[in-house]
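Side chains are part of it too, since the values below use all heavy atoms of this structure and drop only hydrogens, waters and symmetry mates.
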Amino acid sequence: QDGKVIENSEATILGPNAGNSVTDELCSKQKAKFGDPDDFAAKGALKSMGEALDRGMVLVLSLWDDSDVNMLWLDSAWPTDEAPRKP
């Protein structure tokens, strides 16, 4: 980017001065804000993730788009006009 730094946006939903980079504190605040279990911290957070990366990993990506159903089919209740528990 020709030496130009483009800052990440601030995580304003977590309150003032929440930050704009991924840290253990930011991840924990996010889990607390949304009432999710802090499984990332329980597994050693960024330190453990860094150690795992040092051991070597393969990056696998899946890029897809399904504009007809707003990409709901993978991880949500779809179709939206049916009961979520219906197989």
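- In this view, S28 and D38 satisfy the side-chain hydrogen bond (donor to acceptor under 3.5 Å, both in side chains) rule, not counting sequence neighbours.
- Applying the side-chain contact (heavy atoms from CB on, under 4.5 Å) test to I13 and every residue at least two apart in sequence or in another chain returns K33, F34.
- Sorted by first and then second residue, the pairs that involve residues 49-61 and meet side-chain hydrogen bond (donor to acceptor under 3.5 Å, both in side chains), not counting sequence neighbours, are K47-E51.
- Taking each heavy atom of L26 and A11 in turn, the nearest pair found is CD1-CB, 4.0 Å.
- At least one side-chain heavy atom of C27 sits less than 4.5 Å from a side-chain heavy atom of V22.
- No donor-acceptor pair under 3.5 Å is formed between the side chain of N8 and the backbone N or O of S21.
- Every pair passing salt bridge (Lys or Arg N to Asp or Glu O under 4.0 Å) that includes a residue from residues 7-27 is listed here, sequence neighbours excluded: E25-K29.
- Environment of CG in D81: crowded, with over 12 heavy atoms of neighbouring residues, nucleotides or ligands closer than 6.0 Å.
- Residues satisfying the side-chain hydrogen bond (donor to acceptor under 3.5 Å, both in side chains) test with K43, not counting sequence neighbours, are D39.
- For D36, there are no side-chain hydrogen bond (donor to acceptor under 3.5 Å, both in side chains) partners, not counting sequence neighbours.
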